[in-house]
Participant: 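Right, I'll just put the structure down here and ask away after.
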Amino acid sequence: MNYSSMIVRPDDPHDGPRPGFETSDPGPLGHDPETTLIGDLIAAVRRQALALALWVLLCTAAGVAYVLIAQPEFVAAAQIALEPRVRLPPGADAAAAAAATAPTLDSAQAESQVQVIRSARNLRYVFDTLGLDKDPAYAAKGPGLVSRALARISGLLPFLAAPPLSPEEEAMRAREIAFQNFSDRIQVKRLGQSYVLEVSFRGLTPQDAARLTNAIAAAYIRDQVLVRAASDQRGSEFLQGRIALIQAQKKAADEAVATGVITDFQFPDSDARIVGAALRPLAAAYPQTKLILLLGALFGLVSGIGCIAVLHSFDRTVRSPAQIRRMLGVDSFVVPRFKGGRLTETTALDRPDSDFALALRRLRTVLFAVGGESRYITVGLVSCRKDEGCSTLSANLAGLLSTSSDRVVLVDADLRDPELTRRFAPKATAGLESLVLSPVIGADLPEVALAGTLSFVPAVAAGRTANPNAFLGAHAMRAALARVNGKRDLVLDLPPLDASSDAQAIGHMLTGIVLVASLNRTKLDELSDAIRALRSTDCRVLGIVLNDPAPSRKARRQASASA
């Protein structure tokens with residue numbers, strides 16, 4: 001059984017400050033007592049690092065899958081410069097044209113031309129001229145999963161079903177969907193504060209992207225020519241020569257729309273000119289592989305940490321000393337996990353150079369300080385539940401105390417599960433059970449010598465099972481403790497609180513009780529209830545020890561079976 005332990009002092013209104021428990025010194029083990037909720041969250045992320053890494057990889061893999069299956073799209077762009085032409089009265093000569101000042105555009109007029117290019121009139125001319133309603137790239141897609149489900153529901157509920165469409169209505173609806181899909185791929189923007197507009201189109205092939213971009217730009221030039229022609233007609237200004245010129249400009253614009261190729265033909269009657277025709281793109285613009293992979297990894301990281309934070313906020317399991325200090329209002333110092341192999345009842349003596357033994361020696365110092373002026377201490381160790389390492393810790397603590405005291409008694413007070421008795425006195429002829437059941441008051445504790453300064457009190461005699469009615473609070477037990485108190489150091493391994501109330505029965509006769517809990521298993525509510533229960537019988541709760549026990553045999557068997 002491996003341990004990672006911590007001793008803390010809960011606030012006790014009945015007791016004054018006790019030296020050694022209230023400490024702001026992080027100690028040689030490097031624990032920072034000022035760790036906050038952020039520190040606990042970081043610790044939670046570290047515990048779930050593998051799961052978080054797998055989630056980030058999964059999100060990144062989803063991004064890769066999207067990039068592989070997504071339809072690539074290509075973007076081509078053309079630039080149009082707005083250049084209002086000088087309007088001369090009929091019969092004006094070239095000198096007048098040269099002397100005239102060209103009109104200027106304001107920002108509002110420039111922005112209005114953006115909307116002219118995106119207008120349905122301009123786009124529909126391109127759409128109709130090129131017959132894009134028959135292009136499968138813009139045709140209406142089949143109904144999706146949700147649409148099919150709604151259709152089935154509507155079929156079951158006739159009053160929800162929409163009336164069927166006629167063939168003409170179906171064709172019109174398909175044409176409108178195709179036009180919407182086409183117009184959604186167009187983007188027109190003004191470049192900064194200039195009078196240059198950029199027209200771009202997202203096509204499924206490089207050829208389509210360049211062809212349709214040029215067609216849209218040419219359609220706008222054609223529209224400008226027609227507007228000038230209509231203006232000339234209304235002002236009775238157009239002569240036979242200008243008619244031919246305008247017709248030539250219109251024909252050139254129509255050819256540019258149909259072919260998607262911008263020629264060097266000049267359009268003197270247009271208030272705009274194409275300064276940069278769209279070229280065939282060399283690489284797909286969508287999907288943006290690097291951005292998608294980055295967003296996938298970032299989403300996985302943020303969502304994973306967010307999920308861990310949410311789970312951590314609802315987690316009532318003991319995770320760290322800082323968590324106990326924040327939730328229960330106590331200070332702490334840390335005893336690290338023993339890393340030298342299997343932890344036994346004598347590890348603190350067998351491996352005195354280990355961090356585990358060093359921390360227990362610090363605990364021993366703290367207990368002596370808690371005892372105050374009394375030469376000897378009587379401390380009980382009790383856990384909230386079974387298998388939390390209470391017995392092993394009690395034996396190691398008693399062994400350390402025996403090296404600095406002339407007499408130490410280790411008492412196996414767990415009558416129902418005498419683990420220490422099986423370890424230290426498997427052939428005992430008498431035990432604590434016989435004392436608490438004896439009607440005679442005045443008997444001493446049945447001790448068995450283990451070492452020169454260390455003795456052991458078995459729970460039961462060899463081959464016996466404790467009587468269920470045996471109670472540590474019996475008069476004989478209290479009398480024996482009263483005689484021993486102040487004459488030697490006692491370490492009592494008490495039964496778990498969820499199985500017996502013996503710790504509450506005799507706790508008030510001890511120097512204090514140390515709670516033992518399991519890291520990453522014991523709940524904060526259990527510790528809070530245990531402290532409250534012990535204090536309700538005037539027990540002096542000295543602190544909490546957190547253990548990190550090794551997996552049980554049953555857990556190891558289950559892990560092996562699953563593997």
Side-chain angles (χ1 to χ4, degrees), residues 1-7 335 338 342-350 356-357 359-368 370-371 376-405 407-425 428 431-432 445 447-448 450-451 453-460 472 481 484 488-497 499-500 502-503 506-507 509-518 522 530 534 539-549:
M1 186 178 296
N2 293 330
Y3 290 86
S4 175
S5 308
M6 176 275 295
I7 178 101
V335 177
F338 177 69
R342 181 177 178 272
L343 186 64
T344 66
E345 290 80 0
T346 59
T347 296
L349 296 177
D350 298 337
F356 175 78
L360 280 186
R361 289 197 292 271
R362 293 182 61 204
L363 174 58
R364 175 186 60 184
T365 303
V366 170
L367 292 177
F368 277 137
V370 168
Y376 299 101
I377 60 172
T378 304
V379 60
L381 282 79
V382 62
S383 60
C384 297
R385 294 182 295 178
K386 185 181 177 182
D387 295 331
E388 292 189 335
C390 184
S391 299
T392 306
L393 186 62
S394 300
N396 277 279
L397 180 59
L400 278 179
L401 288 174
S402 68
T403 63
S404 56
S405 177
R407 192 70 179 275
V408 178
V409 181
L410 173 62
V411 181
D412 186 357
D414 191 350
L415 302 180
R416 291 159 184 79
D417 186 17
E419 180 180 341
L420 292 181
T421 299
R422 292 191 289 267
R423 168 68 172 85
F424 293 116
L432 197 61
L445 295 174
E447 300 179 27
V448 176
L450 295 181
T453 58
L454 177 62
S455 59
F456 175 69
V457 176
V460 295
L472 291 185
L481 285 177
V484 174
R488 66 189 75 174
D489 292 324
L490 263 73
V491 178
L492 289 85
D493 177 27
L494 297 168
L497 292 174
S500 173
D502 287 347
I506 64 172
M509 301 184 65
L510 310 178
T511 304
I513 289 182
V514 174
L515 272 172
V516 179
S518 291
T522 303
L534 291 170
C539 297
R540 188 182 185 187
V541 180
L542 299 180
I544 301 171
V545 174
L546 293 182
N547 312 326
D548 189 7

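Residue numbers run from 1 in the order of the sequence given.
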Participant: Closest heavy-atom contact between Glu388 and Ser518?
Facilitator: CG-OG, 3.1 Å
Participant: Do Thr511 and Val379 make a side-chain contact, defined as non-hydrogen atoms from C-beta onward lying under 4.5 Å apart?
Facilitator: no
Participant: Taking atom CZ of Arg364 and atom CD1 of Ile377, what is their separation to the nearest 0.5 Å?
Facilitator: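 Arg364 CZ to Ile377 CD1: 10.0 Å, rounded to 0.5 Å.
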Participant: Considering all heavy atoms of both residues, which atom of Leu454 and which atom of Ser402 are nearest to each other, and what is their separation?
Facilitator: CB-CB, 3.9 Å
Participant: Does any part of the side chain of Cys390, heavy atoms only, come nearer than 4.5 Å to the side chain of Asp493, both counted from C-beta?
Facilitator: yes
Participant: Taking the side chain as every heavy atom from C-beta outward, state whether Leu397 and Leu367 have any pair of such atoms under 4.5 Å apart.
Facilitator: yes
Participant: Starting at CG of Asp414, measure out to CG of Leu432 and round the result to the nearest 0.5 Å.
Facilitator: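 Asp414 CG to Leu432 CG: 10.5 Å, rounded to 0.5 Å.
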Participant: List in chain and number order the residues that pass side-chain contact (heavy atoms from CB on, under 4.5 Å) with Tyr376, two or more places apart in sequence or in another chain; answer none if no residue qualifies.
Facilitator: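 Checked Tyr376 against side-chain contact (heavy atoms from CB on, under 4.5 Å); matches are Ser405, Asp406, Asp489.
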Participant: Please examine the side chains of Arg423 and Thr346, heavy atoms only from C-beta on, and report whether any two atoms are closer than 4.5 Å.
Facilitator: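 Thr346 vs Arg423: side chains touch.
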Participant: Testing Thr421, Leu445, Val411 for side chain to side chain contact (heavy atoms under 4.5 Å, CB included) with Phe456, which one passes?
Facilitator: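 Testing each of Thr421, Leu445, Val411 against Phe456, the sole residue satisfying side chain to side chain contact (heavy atoms under 4.5 Å, CB included) is Thr421.
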Participant: What I'd like to find out is whether the side chain of Leu497 reaches to under 4.5 Å of the side chain of Leu515, using heavy atoms alone.
Facilitator: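 Yes. Closest side-chain heavy atoms under 4.5 Å.
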Participant: Please name the pair of heavy atoms, one in Ala357 and one in Ala348, separated by the smallest distance, quoted to 0.1 Å.
Facilitator: CB-O, 3.6 Å
Participant: Where do Ala503 and Val382 come nearest, in terms of heavy atoms and distance?
Facilitator: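 Of all heavy-atom pairs spanning Ala503 and Val382, the closest is CB-CG2, 4.0 Å.
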Participant: Once you round to the nearest 0.5 Å, how far does CG of Leu400 lie from CG of Leu363?
Facilitator: 9.0 Å
Participant: I want to check something: taking the side chain as every heavy atom from C-beta on, are Thr378 and Leu492 in contact at a cut-off of under 4.5 Å?
Facilitator: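 SC-SC contact between Thr378 and Leu492 confirmed.
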Participant: Do Glu345 and Glu419 come within less than 4.5 Å of each other through their side chains, counting heavy atoms only?
Facilitator: yes
Participant: I need the single residue from Val514, Val516, Leu472, Asp502 that forms a side chain to side chain contact (heavy atoms under 4.5 Å, CB included) with Leu494. Which is it?
Facilitator: Leu472
Participant: State the CZ-CG distance between Arg422 and Asp412, to the nearest 0.5 angstrom.
Facilitator: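 Between atom CZ of Arg422 and atom CG of Asp412 there are 8.5 Å.
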Participant: Can you name the residues that form a side-chain contact (heavy atoms from CB on, under 4.5 Å) with Arg488, not counting sequence neighbours?
Facilitator: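 side-chain contact (heavy atoms from CB on, under 4.5 Å) list for Arg488, sorted by chain: Arg407, Val409, Glu447, Val484, Leu490.
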Participant: For the OG atom of Ser391 and the CG atom of Asp417, what is their distance to the nearest 0.5 Å?
Facilitator: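 Between Ser391 OG and Asp417 CG, I get 7.0 Å after rounding to 0.5 Å.
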Participant: Run Thr347 and Thr344 through side chain to side chain donor-acceptor pair (under 3.5 Å) and show every step you take.
Facilitator: CA-CA 5 Å; Thr347 296; Thr344 66; 3.1 Å; yes
Participant: I need the Leu410 CG to Leu401 CG distance, nearest 0.5 Å.
Facilitator: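 Here the interatomic distance stands at 10.0 Å.
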